[in-house]
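Per chain, numbering begins at 1; letters A, B, ... match sequence-line order.
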Amino acid sequence: MARILITSAIPYINGIKHLGNLVGSQLPADLYARYMRARGNEVMFICATDEHGTPAELAAAKAGKPVEEYCAEMHEVQKELAAGFRLSFDHFGRSSSQRNHVLTQQFAGKLAENGYITEVSEKQVYSHADGRFLPDRYIEGTCPNCGYDRARGDQCEECTKQLDPTDLINPRSAISGSTDLEVRETKHLYLRQSAMRDQLDQWIDSKTDWPILTTSIAKKWLHDGEGLQDRGITRDLHWGVPVKKGTEDWPGMEGKVFYVWFDAPVEYIAATAEWADAQGMDESAWRRWWRLDEGAEDVRYVQFMGKDNVPFHTLSFPATIMGSGEPWKLVDYIKSFNYLNYDGGQFSTSLGRGVFMDQALSILPADYWRWWLLSHAPENSDSEFTWENFQASVNKDLADVLGNLVSRVTKFCRSKFGEVVPEGGEFGPQEAALIEELTTRIRTYEAHMEAMEVRKAASELRAIWVIGNEYLQAAAPWSVVKTDPEQAAAQVRLALNLIRVYAVISQPFIPDAAAAMMDAMGSTSWDWPVDLQAALQALPAGHAFTVPEVLFRKITDEERAEWQQRFSGIRN
RNA sequence: GGGCCUGUAGCUCAAUGGUUAGAGCAGGGCGCUCAUAACGCCUUGGUUGGGGGUUCGAGUCCCUCCGGGCCUACCA
């Protein structure tokens with residue numbers, strides 16, 4: 001039994017996430033966590049809301065609420081939705097927690113002690129009307145290069161030229177539109193990532209089994225231009241972790257907070273501590289997952305994220321850990337994903353284009369979405385959601401192949417033998433062949449799951465379901481029963497046991513349907529079918545079962561057309 | 001501009017440089033009647049984006065052109 005620490009990139013607090021966000025981190029992380037638990041490993045699966053930063057403050061202001069209150073509410077909303085999608089976090093924390101404040105400040109203190117923090121005095125734009133410093137991209141103006149009048153302070157989206165906010169002609173606040181701006185001198189802390197470049201480079205080089213997507217992004221940042229740059233880790237905001245050197249005040253940093261990307265990854269650790277607190281456990285309960293000197297030596301740590309998060313997880317956060325000089329657990333494997341597009345374009349939170357988590361659950365159960373999203377996960381390149389594809393995949397895979405199999409087996413048994421596992425007959429060559437083929441395929445499925453090859457695992461699982469139908473067709477108990485009821489009984493007994501095995505191995509993908517299958521089989525035995533021969537005898541002759549409700553109803557053409565229309569434009 | 005990823009059947013995707021490029025869906029044919037008009041079997045379908053090169057051998061490696069996407073460090 002291994003110990004596996006799994007974290008999903010933490011979703012930002014300012015609204016409900018869309019399906020692209022879900023499939024890029026939380027959902028595959030959940031698949032892996034569920035599989036690893038099913039195999040008997042000790043798993044710690046952590047996620048949280050990422051609550052700090054300018055966008056959170058603006059979203060709260062827009063909602064007319066204090067930012068603390070806004071975040072608390074949105075955290076509950078996201079927590080509920082995660083539960084709705086059956087995301088099996090051991091803890092869903094908050095980056096605004098006291099645990100995170102303390103840990104973030106401790107890391108900063110250690111980094112300062114070890115000489116990895118420098119103070120830099122710089123000029124930033126302050127907006128009197130907004131009462132805040134403005135991040136570069138919150139300043140708009142006319143591009144000096146191409147004349148585009150909505151260029152942002154960091155880059156002109158029209159001509160792609162990199163800009164400095166002071167380059168803009170007629171600059172204004174993107175928040176209020178105010179032109180009452182002032183360049184002010186302000187002091188910030190920088191993390192000296194450049195000083196750790198070689199160490200990070202060697203560390204990345206040692207990760208030869210990581211996805212290309214992960215390592216190529218890291219390499220680019222390490223070697224591009226003058227190499228890895230130092231990074232500002234403080235901001236002039238109110239909402240965040242106050243800048244402190246451990247537990248001490250940081251002279252000159254009064255009123256400033258740490259940059260959200262400095263405190264967000266630390267929340268992985270803090271959320272584990274929050275978990276221990278919620279369980280009423282002591283410090284050692286969470287430290288054994290994170291401290292190499294307190295039991296984490298044998299932990300395997302896997303992170304899941306979309307490609308936009310890769311630089312922070314391959315460079316900034318490891319630099320924070322390495323620079324602390326303390327024995328914190330570094331990530332062992334980073335599984336990163338490309339983007340999911342929506343029907344010919346991008347999902348858009350601002351335009352309300354695409355399907356969002358709450359909307360998805362309002363029209364269909366979680367398993368439908370889980371199955372489609374995971375079986376089409378954007379692992380090698382961006383992939384695309386279309387309603388036609390969704391309807392076809394879900395109807396065929398879930399309703400026809402799996403759902404109908406359960407239905408035909410249970411209903412046939414009920415009509416010929418009653419609602420108990422029938423007695424009599426023996427397994428013959430046909431059954432032996434089935435068991436052999438299934439064993440091979442289950443081993444392949446396990447290998448794909450171990451390797452986090454999500455689409456391949458889904459494809460193999462589907463093939464395993466198909467074999468059940470092939471067997472029934474070949475065995476034809478509905479014919480055999482007329483001449484040899486004992487033989488038909490043995491065939492049906494096998495098929496019923498197959499349903500229980502399918503519930504066990506399908507559970508990581510479709511937990512609700514799996515539970516319904518297990519429940520219908522009157523069993524609570526979720527043991528993984530390491531020995532399939534034995535697993536197919538778990539339900540003995542005479543064992544009672546029930547015929548379940550239809551597991552997956554089909555999506556009609558009318559529904560598909562209506563949803564296609566409803567989610568094409570502006571979110572209501 | 002630079003870097004990276006990607007282009008394979010109508011659609012979604014496979015294929016350590018090594019037989020005749022494979023699956024699922026869709027299309028066509030046959031079978032079955034237990035089942036959610038479900039299932040099974042057979043089958044049509046390819047100049048692997050274009051061109052050039054390396055090699056005994058290229059979907060795979062190199063060059064070039066074309067298309068799609070991402071990143072480019074103060075949104076997170």
Check the surroundings of atom CD in E185(A): do more than 12 heavy atoms from other residues, nucleotides or ligands lie under 6.0 Å from it?
yes
Measuring centre to centre across the rings, with the benzene-like ring taken for any Trp, is [X] within less than 6.0 Å of [Y]?
{"X": "W372(A)", "Y": "W387(A)", "value": "no"}
{"X": "Y342(A)", "Y": "F385(A)", "value": "yes"}
{"X": "Y259(A)", "Y": "H188(A)", "value": "no"}

Are F412(A) and the base of C34(B) stacked, counting only ring centres nearer than 5.5 Å and planes tilted under 30°?
no
Please assess L19(A) against F356(A) for the test side chain to side chain contact (heavy atoms under 4.5 Å, CB included), listing each intermediate value before the final yes or no.
CA-CA 6 Å; L19(A) 297 182; F356(A) 291 73; over 6 Å; no
Among [options], which nucleotide sits nearest the side chain of [X]?
{"X": "F312(A)", "options": "A76(B), G40(B), A14(B)", "answer": "A76(B)"}
{"X": "K307(A)", "options": "G69(B), C39(B), C74(B)", "answer": "G69(B)"}
{"X": "V260(A)", "options": "A76(B), U36(B), U33(B)", "answer": "A76(B)"}
{"X": "Y138(A)", "options": "C75(B), G31(B), U36(B)", "answer": "C75(B)"}
{"X": "D308(A)", "options": "U36(B), G40(B), A76(B)", "answer": "A76(B)"}
{"X": "R455(A)", "options": "A15(B), C13(B), A38(B)", "answer": "C13(B)"}
{"X": "D50(A)", "options": "G40(B), A14(B), A76(B)", "answer": "A76(B)"}
{"X": "Y339(A)", "options": "A35(B), C74(B), C71(B)", "answer": "C71(B)"}
{"X": "N309(A)", "options": "A76(B), A14(B), U33(B)", "answer": "A76(B)"}
{"X": "L228(A)", "options": "A73(B), C34(B), U36(B)", "answer": "A73(B)"}

Would you indicate what [X] reaches in the nucleic acid, counting non-hydrogen atoms under 4.0 angstrom: base, sugar-phosphate, or nothing?
{"X": "G227(A)", "result": "base"}
{"X": "G232(A)", "result": "nothing"}
{"X": "T386(A)", "result": "nothing"}
{"X": "L405(A)", "result": "nothing"}
{"X": "V550(A)", "result": "base"}
{"X": "Q124(A)", "result": "base"}
{"X": "E470(A)", "result": "sugar-phosphate"}
{"X": "V492(A)", "result": "nothing"}
{"X": "E122(A)", "result": "base"}

Could you state the [atom1]-[atom2] distance from [X] to [N], rounded to the nearest angstrom?
{"X": "N380(A)", "N": "U6(B)", "atom1": "CG", "atom2": "C1'", "result": "10 Å"}
{"X": "F390(A)", "N": "U12(B)", "atom1": "CZ", "atom2": "C1'", "result": "15 Å"}
{"X": "L213(A)", "N": "U72(B)", "atom1": "CG", "atom2": "P", "result": "13 Å"}
{"X": "D397(A)", "N": "A26(B)", "atom1": "CG", "atom2": "P", "result": "10 Å"}
{"X": "L374(A)", "N": "U12(B)", "atom1": "CG", "atom2": "C1'", "result": "16 Å"}
{"X": "L191(A)", "N": "C74(B)", "atom1": "CG", "atom2": "P", "result": "12 Å"}
{"X": "L472(A)", "N": "U33(B)", "atom1": "CG", "atom2": "P", "result": "14 Å"}
{"X": "W465(A)", "N": "G24(B)", "atom1": "CH2", "atom2": "P", "result": "15 Å"}

Compare side-chain N and O positions of [X] against OP1 and OP2 of [N] and report whether any pair is under 4.0 Å apart.
{"X": "R137(A)", "N": "C75(B)", "value": "yes"}
{"X": "K554(A)", "N": "A38(B)", "value": "yes"}
{"X": "Y471(A)", "N": "C39(B)", "value": "no"}
{"X": "K396(A)", "N": "C39(B)", "value": "yes"}

For side chain to side chain contact (heavy atoms under 4.5 Å, CB included), just list the numbers for H75(A) and E51(A), CA-CA rounded to whole Å, side-chain angles, deciding distance to a tenth of an Å, and then say yes or no.
CA-CA 9 Å; H75(A) 172 79; E51(A) 307 192 358; 3.9 Å; yes
Give a yes or no on whether a donor-acceptor pair under 3.5 Å exists between the nucleobase atoms of C13(B), that is its base, and the side chain of E379(A).
no
Has the side chain of N404(A) got a donor or acceptor that lies under 3.5 Å from a partner of the other kind on the base of A35(B)?
yes
Look at the aromatic rings of W478(A) and F412(A) and report parallel, tilted or perpendicular, splitting at 30° and 60°.
perpendicular
Nearest-angstrom distance, [atom1] atom, [N] to [M]:
{"N": "U16(B)", "M": "G59(B)", "atom1": "C1'", "result": "14 Å"}
{"N": "C4(B)", "M": "A73(B)", "atom1": "C1'", "result": "16 Å"}
{"N": "A9(B)", "M": "G45(B)", "atom1": "C1'", "result": "6 Å"}
{"N": "C25(B)", "M": "G68(B)", "atom1": "P", "result": "32 Å"}
{"N": "G46(B)", "M": "G22(B)", "atom1": "P", "result": "13 Å"}
{"N": "G7(B)", "M": "U60(B)", "atom1": "P", "result": "11 Å"}
{"N": "A14(B)", "M": "U6(B)", "atom1": "P", "result": "10 Å"}
{"N": "A58(B)", "M": "C70(B)", "atom1": "C1'", "result": "28 Å"}

On RNA chain B, compare the nucleotides closest to N338(A) and K416(A); which residue's is nearer the 5' end?
N338(A)
Position toward the 5' end of RNA chain B (nearest nucleotide), R462(A) or K220(A):
K220(A)
Under a 4.0 Å N-O cut-off, is there an ion pair linking [X] with [Y]?
{"X": "D201(A)", "Y": "K219(A)", "result": "yes"}
{"X": "R132(A)", "Y": "E57(A)", "result": "yes"}
{"X": "D400(A)", "Y": "K554(A)", "result": "yes"}
{"X": "R441(A)", "Y": "E437(A)", "result": "yes"}

Between which residue ranges does RNA chain B form stems of three or more consecutive Watson-Crick or G-U wobble pairs, both distances under 3.5 Å?
B:1-7 with B:66-72, B:10-13 with B:22-25, B:27-31 with B:39-43, B:49-53 with B:61-65
Keeping the roles fixed (side chain from E379(A), backbone from F337(A)), state whether a donor-acceptor pair exists under 3.5 Å.
no
